[in-house]
Amino acid sequence: MLVPFFLALFLPCAGMGAVFLVYICLLFYSASIPIENNEIPTAHVKRPPEKGLSASDLEKLPKVAGKDLVLGTDCAICLEEMESEQVARMIPGCNHGFHLECADAWLSKNSICPVCRGNIGPELFNPPEIDPC
């Protein structure tokens, strides 16, 4: 009567111990796989950030007064409100506005809008000409 009781306790523990050993072996095996050419597997690597806008491209973006912003007066970069007389940079296409200094710092490193993540591409700087014919 005592033997079935010990077997009922021992067999599940032995089974879980075997599963744990297999798991540990798999971890060591995956860690010991050599990586060729010192490359990191691409499944775990973030994409490199996109290149930001040049100074000449930044100057092409429109500047407006804080009171003339269409979609609100909060700067999503520094999270402060823009005063009505402050100069703001507005992104064409989405019309999101930011403090001039905040927008220039962000856009010099990223070519996307910090609010909607819309791409600020060359088509916004050189709109296609409309043929009147």
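As the structure is a prediction and not an experimental result, all values here were calculated from the model.
- Cluster partners of Phe10, by chain and number: Leu11. The rule joins Ile, Leu, Val, Met, Phe, Trp and Tyr whenever side-chain heavy atoms lie under 4.5 Å apart.
- Side-chain atoms of Arg89 come within 3.5 Å of backbone N or O of Leu58 as a donor-acceptor pair.
- Residues meeting the side chain to side chain contact (heavy atoms under 4.5 Å, CB included) test with Ala105, sequence neighbours left out: none.
- Every residue two or more places apart in sequence or in another chain that forms a side-chain hydrogen bond (donor to acceptor under 3.5 Å, both in side chains) with His99 is listed here: Gln86.
- A pairwise comparison of heavy atoms in Leu61 and Pro92 identifies CD2-CD, 3.4 Å as the closest pair.
- If you take SG on Cys75 and CE on Met82, they are separated by 5.5 Å, rounding to the nearest 0.5 Å.
- Through side-chain heavy atoms spaced under 4.5 Å, either directly or across other Ile, Leu, Val, Met, Phe, Trp or Tyr residues, Val22 is tied to Leu26.
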Taking it one step at a time, do Phe98 and Val115 satisfy side chain to side chain contact (heavy atoms under 4.5 Å, CB included)? CA-CA 10 Å; Phe98 313 95; Val115 174; 3.7 Å; yes
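- Met16 forms part of no hydrophobic cluster, judged by ILVMFWY side-chain heavy-atom separations under 4.5 Å.
- Two residues are said to be in side-chain contact when any heavy atoms from C-beta on lie closer than 4.5 Å; Phe20 and Ile24 meet this criterion.
- Between Trp106 and Ile77 the shortest heavy-atom distance is CB-CD1, 3.7 Å.
- Every residue meeting the side chain to side chain contact (heavy atoms under 4.5 Å, CB included) condition with Cys116, not counting sequence neighbours, appears here in chain and number order: Cys94, His96, Cys113.
- Considering only heavy atoms from C-beta on, Leu53 comes within 4.5 Å of Ile120 through its side chain.
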